[in-house]
Peer 1: 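My questions will all concern the structure given below.
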Amino acid sequence: MQAAFKRFPVACLVMGWVVFVVSLIIFLVHIASADGAKYLYHKEGNENDSSSSGPVIELLAPSSKQDGPIKPNFLYEPSSDHLPPPARVVEFYAPWCPHCQHYAPKYIKLAKAVTAKHPEIEFHAVSCTAHNKLCNDQNVNGYPTLKLYREGSYEALEFKVKDAKVKNVLFRLGFDVSEKSESHNNHEDQSDKKQIARVVPFRMHDVHDAWNDAALSFEFALKTGIFMTNGPLSKKESSTFRSWLELLTKTLPIQMSKTHDIVTMLLENFEEASQSQSNLSKLIRPYASPDNSQTWRTCTNGDNKMGYTCGLWQLFHIMTIGVVEYNRHNTPIIPTRQVSEILRNYVEHFFQCEVCRLNFLDMYDNCAFDGCHRLSDKPSSNEHDWRELPMWLWETHNDVNTRLLGERMDQSNQSKPNQWESQQARWPSLYTCPNCWREDKSWEEDEIFDHLHSMYWSGNPSYIKIPSEENEPRKLVRSIWKVGGFLVCIISLAAWFARLSKAHHHSGRHKKVDH
C-alpha cells in the first residue's frame with residue numbers, strides 16, 4: 001500500500017508534464033501563424049512571392065533569406081533586359097495603422113473599378129512592416145501613401161488618398177477619360193461590405209496586460225517607427241528621441257524592467273543608435289521580443305494588427321500616470337507642459353499613421369480640452385496640477401475613440417452613433433466604472449484618476465474584468481493545462497484506487513474474521 005501511495009504522485013507528475021508539452025506545442029504553432037499580421041492583402045496559404053486580394057498584388061517577403069534587399073520590378077528598374085512595366089498604382093501601408101485598415105476595402109474596390117476599364121493597369125500593396133528598408137528607400141513618410149507610375153516609367157507620381165477616384169487615377173496615369181463613366185465607382189458593392197460591430201466591446205485585461213502591450217509597442221516602434229529614411233536622424237528628430245527616452249526612464253513602473261533595460265542601453269549608446277535603423281536594430285536585438293511572438297492582449301478585438309496603436313496609447317497613459325508618481329517622490333518636479341511637448345514631438349516625428357498624426361497634432365496645437373491652460377511649463381508642488389496631465393490625455397483619447405466610431409459607421413454607410421453608443425465608446429464605460437460617471441454623463445475626476453491609476457500603475461479593481469471571447473495563446477495554454485491536469489489527476493486517482501482494491505482483494509484482508 002505504501003508503494004501505491006508513492007506511485008500516484010509520480011504518475012500524476014509524468015502525465016502533467018505530457019500535458020505541458022502538448023500545450024507548448026500548441027502555443028508555438030499559434031505563434032508561428034502570427035506572421036500574417038504583417039499584411040493586409042495577403043491570402044493565407046499562398047506561399048508565392050506575391051499574393052493577391054482580388055486585383056491587389058501584395059508584395060511578400062521571401063520564405064528564405066536572399067542576398068541584398070528586395071527590389072521588385074514594379075518599383076526598381078531591373079539591370080537586365082526586361083519588358084517595360086505597365087501603368088501601376090502602389091500603396092505603401094502599415095497593417096497596424098487604423099486608417100490603412102479602413103482604406104483596404106476601398107483600395108480593393110478602386111482596383112476592381114479601374115481594372116474593369118483597363119485590365120493592363122496593376123495595383124500593388126507594400127507592407128512597410130514587412131519591408132521597412134524598401135519603404136525607407138522609397139521615402140515613404142506616412143501611411144497610407146499612394147504612388148502612381150505611368151507605363152514604362154519608374155518616376156513616382158505622388159497621389160493623395162482622398163483623390164483616389166477612378167477618373168483621377170486614369171487621368172494621372174495618362175489614359176483618356178473623356179468618354180469614360182465613373183458612375184459605377186460610386187455604387188457600393190454590397191458583397192464586399194463587412195458587418196462591423198457598432199460598438200467595440202471592452203476586453204478583459206489587467207495592469208500586467210497593459211504593461212505587456214506598452215512594452216511590445218515600444219519595441220515595435222523601435223523596429224519600424226524611428227527611421228523613415230536610410231540616413232541618420234535629423235537634429236530635431238535626434239533631440240526628440242533622446243528626450244522621449246529620458247522621460248521614460250523616470251516615468252515607467254519598475255515592473256517594466258525589460259523596457260527600462262532597453263531605454264538605459266539606448267541612452268548609453270545613443271550616438272550609435274541615432275545613426276541608422278540597422279544600428280538601432282542591432283542594439284535592441286538581445287533585449288527585444290522576437291517578431292513572431294508579439295501578441296498584444298488588450299483592445300485588439302481578435303485582430304493582432306490593432307495591437308500596436310492600442311499598446312502605444314497604453315504606453316502614453318502609463319507614462320502620464322508615472323509623471324504623477326515621479327513628482328510625488330522626487331525632485332526636481334517635472335512640469336506637465338514639458339511632458340506634453342515631448343509627447344507631441346514624438347507623435348510628430350515617429351508615428352507614421354498620417355491621418356492619426358495630423359489629428360493629434362491639430363488637437364494639441366489648437367489647445368483642445370483647454371490643454372494650453374491646464375498644462376503648465378512651470379514646476380508645481382500641487383498634485384492636482386500633476387493630475388491634469390493624465391486627465392488631459394484621457395480626454396484626448398476618448399475624443400479619438402468617439403471620432404473613430406463615427407468614421408467606422410460613416411464608412412460602412414450606417415447611421416451616426418447615438419448618445420448611448422458614443423458613451424460606450426468613451427473609456428471607461430458606465431458598466432466598467434459606474435462610479436466614474438454622473439447622471440448627466442459628466443465625470444467624477446477623482447474616480448477617473450483612481451481608475452486610470454489602478455489600470456496603469458497599481459493593479460486593476462475586480463469590477464473591470466469583463467469576459468472576453470478573444471483567443472489568446474496564453475489563455476489557450478492555461479485552459480488546456482487546467483483541464484488536462486485535472487483529468488490526468490482524476491484518471492490517475494481512479495487507477496490508483498483500482499490497483500489498491502485489487503491488491504487488497506488478493507491479500508484476503510477484506511474477509512470477515514470469525515472468533
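If you read the sequence from its start, that first residue is 1, and numbering goes on from there.
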Peer 1: Would you say the side chain of W457 lies within less than 4.5 Å of the side chain of V207, judging by non-hydrogen atoms?
Peer 2: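 Of all side-chain heavy-atom pairs linking W457 with V207, none is under 4.5 Å.
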Peer 1: If you define the side chain from C-beta out and look only at heavy atoms, does anything of W443 sit under 4.5 Å from R426?
Peer 2: yes
Peer 1: Whether the S380 and N382 side chains hold a donor-acceptor pair (N or O, under 3.5 Å, no angle test) is what I'd like checked.
Peer 2: no
Peer 1: Could you tell me whether a side-chain N or O of E58 sits under 3.5 Å from a main-chain N or O of V56, the two making a donor and an acceptor?
Peer 2: no
Peer 1: Would a distance-only check, ignoring hydrogens and angles, find a side-chain to backbone donor-acceptor pair under 3.5 Å from K160 to T145?
Peer 2: no
Peer 1: What's the separation between atom CE in M265 and atom CG in L245, rounded to the nearest 0.5 Å?
Peer 2: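 Answer for the CE-CG pair, M265 versus L245, is 9.5 Å.
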Peer 1: Which heavy-atom pair separates P417 from L405 by the least distance, and what is that distance?
Peer 2: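 Shortest heavy-atom separation between P417 and L405 comes out as CB-CD2, 3.8 Å.
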Peer 1: Carefully, step by step, assess Y346 and W244 under the rule ring-ring contact (aromatic ring centres under 6.0 Å, His included).
Peer 2: CA-CA 7 Å; Y346 178 86; W244 173 245; 4.4 Å; yes
Peer 1: Please state whether the rings of W313 and F316 are parallel, tilted or perpendicular, taking 30° and 60° as the class boundaries.
Peer 2: perpendicular
Peer 1: Decide yes or no for T320 and T251: does some side-chain heavy atom of the first lie under 4.5 Å from some side-chain heavy atom of the second?
Peer 2: no
Peer 1: Can you tell if the side chain of T295 reaches within under 4.5 Å of the side chain of N212, non-hydrogen atoms only?
Peer 2: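 Not touching, per the 4.5 Å side-chain cut-off.
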Peer 1: Just verifying a value: how many Å separate K223 NZ and I284 CD1, rounded to the nearest 0.5 Å?
Peer 2: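 Going from the NZ atom of K223 to the CD1 atom of I284 covers 6.0 Å.
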Peer 1: Got a donor-acceptor contact below 3.5 angstrom from the H260 side chain to the P253 backbone?
Peer 2: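 Judged by distance alone, yes, a pair lies under 3.5 Å.
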Peer 1: So do the side chains of W386 and E325 get within less than 4.5 Å of each other, counting heavy atoms only?
Peer 2: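 SC-SC contact between W386 and E325 ruled out.
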Peer 1: Run the numbers on E354 and H99 for side-chain contact (heavy atoms from CB on, under 4.5 Å), then give the verdict.
Peer 2: CA-CA 8 Å; E354 186 170 9; H99 291 277; over 6 Å; no
Peer 1: N359 versus R403: any side-chain heavy-atom pair under 4.5 Å?
Peer 2: yes
Peer 1: For the residue pair K258 and Y287, would you count it as a cation-pi contact if the rule is NZ or CZ under 6.0 angstrom from the ring centre and within 45 degrees of the ring axis?
Peer 2: no
Peer 1: Is the shortest side-chain heavy-atom distance between L216 and F220 below 4.5 Å?
Peer 2: no
Peer 1: Indicate whether the side chain of Y41 and that of E91 have a donor and an acceptor atom separated by less than 3.5 Å.
Peer 2: yes
Peer 1: Indicate the atoms forming the closest heavy-atom contact of L40 with A104, along with that distance.
Peer 2: CD1-CB, 4.4 Å
Peer 1: Is it possible for you to check whether R357 lies under 6.0 Å from the centre of the six-membered ring of F351, through NZ or CZ, and within 45° of that ring's axis?
Peer 2: no
Peer 1: What are the two closest heavy atoms between W394 and H317, and how far apart are they?
Peer 2: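 Heavy atoms of W394 and H317 come nearest at CA-CE1, 4.0 Å.
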Peer 1: Between L375 and Q338, is any pair of side-chain heavy atoms under 4.5 Å apart?
Peer 2: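 No - every pair of side-chain heavy atoms lies 4.5 Å or more apart.
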Peer 1: Quick check for you: to the nearest 0.5 Å, what is the distance between T240 atom OG1 and F350 atom CZ?
Peer 2: 6.0 Å
Peer 1: Tell me, with the steps shown, if V324 and H453 meet side-chain contact (heavy atoms from CB on, under 4.5 Å).
Peer 2: CA-CA 10 Å; V324 177; H453 191 278; over 6 Å; no
Peer 1: If you measure SG to SG, does C128 sit under 2.5 Å from C135?
Peer 2: yes
Peer 1: Do any N or O atoms from the side chain of T331 and from the backbone of I333 form a donor-acceptor pair under 3.5 angstrom?
Peer 2: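 No.
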Peer 1: Between D385 and R374, is there a side-chain N and carboxylate O pair less than 4.0 Å apart?
Peer 2: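 Looking at D385 and R374, the cut-off is not met.
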Peer 1: Kindly state whether the ring of Y93 and the ring of Y143 have centres lying under 6.0 angstrom apart.
Peer 2: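 For Y93 and Y143, the ring centres are not under 6.0 Å apart.
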Peer 1: Any side-chain to backbone donor/acceptor pair from N327 onto I334? Under 3.5 Å, distance only.
Peer 2: yes
Peer 1: Donor-acceptor check, side chain of N279 to backbone of Q275, threshold 3.5 angstrom: yes or no?
Peer 2: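 Side chain of N279 to backbone of Q275, a donor-acceptor pair under 3.5 Å: no, none is there.
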Peer 1: Can you find a side-chain donor-acceptor pair between Y364 and E341 that sits under 3.5 Å?
Peer 2: yes
Peer 1: Could you state the interatomic distance from CG (L266) to CG (N269), rounded to the nearest 0.5 Å?
Peer 2: 7.5 Å
Peer 1: Relative to the ring of W427, is the ring of Y456 parallel (under 30°), tilted (30 to 60°) or perpendicular (over 60°)?
Peer 2: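 It falls in the tilted class, 30° to 60°.
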Peer 1: Decide whether a cation-pi geometry holds between R242 and F270; the criteria are a distance under 6.0 Å from NZ or CZ to the six-membered ring centre and an angle within 45° of the ring axis.
Peer 2: yes
Peer 1: Has the side chain of E237 got a donor or acceptor atom that lies under 3.5 Å from a matching backbone atom of S234?
Peer 2: yes
Peer 1: Write down the atom of L222, the atom of Q277, and the distance for their closest heavy-atom approach.
Peer 2: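 Minimum heavy-atom separation between L222 and Q277: O-NE2, 3.1 Å.
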Peer 1: When rounded to the nearest 0.5 angstrom, what is the spacing between OH in Y103 and CD1 in I108?
Peer 2: 10.5 Å
Peer 1: To the nearest 0.5 angstrom, please state how far the CG atom of N139 sits from the CE atom of M228.
Peer 2: 9.5 Å
Peer 1: For the residue pair R297 and H208, what are the closest heavy atoms and their distance?
Peer 2: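 Closest approach of R297 to H208: NH1-O, 3.9 Å.
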Peer 1: Check whether any side-chain N or O of T249 sits under 3.5 Å from a backbone N or O of E246 as a donor-acceptor pair, and report yes or no.
Peer 2: yes
Peer 1: Any chance you could lay out the side-chain contact (heavy atoms from CB on, under 4.5 Å) test for F218 and I262, step after step, and finish with the verdict?
Peer 2: CA-CA 10 Å; F218 173 71; I262 296 175; 3.8 Å; yes
Peer 1: Assess the residue pair L389 and V339 against the criterion (side-chain contact (heavy atoms from CB on, under 4.5 Å)); give the C-alpha distance rounded to whole Å, side-chain angles, the decisive distance to 0.1 Å, and a yes or no.
Peer 2: CA-CA 8 Å; L389 177 65; V339 176; 3.6 Å; yes
Peer 1: Pairing donors with acceptors under 3.5 angstrom, does anything connect the side chains of W211 and T259?
Peer 2: no
Peer 1: If we ignore hydrogens and angles and just use 3.5 Å, is the side chain of D137 paired with the main-chain N or O of K133 as donor and acceptor?
Peer 2: no
Peer 1: Just by distance, no angles: are the side chains of H373 and D370 close enough, under 3.5 Å, to form a donor-acceptor pair?
Peer 2: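 Yes, a side-chain donor-acceptor pair sits under 3.5 Å.
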Peer 1: Which pair of non-hydrogen atoms, one from H451 and one from C436, has the smallest distance, and what is that distance?
Peer 2: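 Shortest heavy-atom contact: CB-SG, 4.2 Å.
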Peer 1: Can you tell me if S274 uses its side chain to pair, donor with acceptor, with the backbone of E271 under 3.5 Å?
Peer 2: yes
Peer 1: Run C100 and C353 through disulfide (SG to SG under 2.5 Å) and show every step you take.
Peer 2: CA-CA 8 Å; C100 299; C353 180; 5.8 Å; no
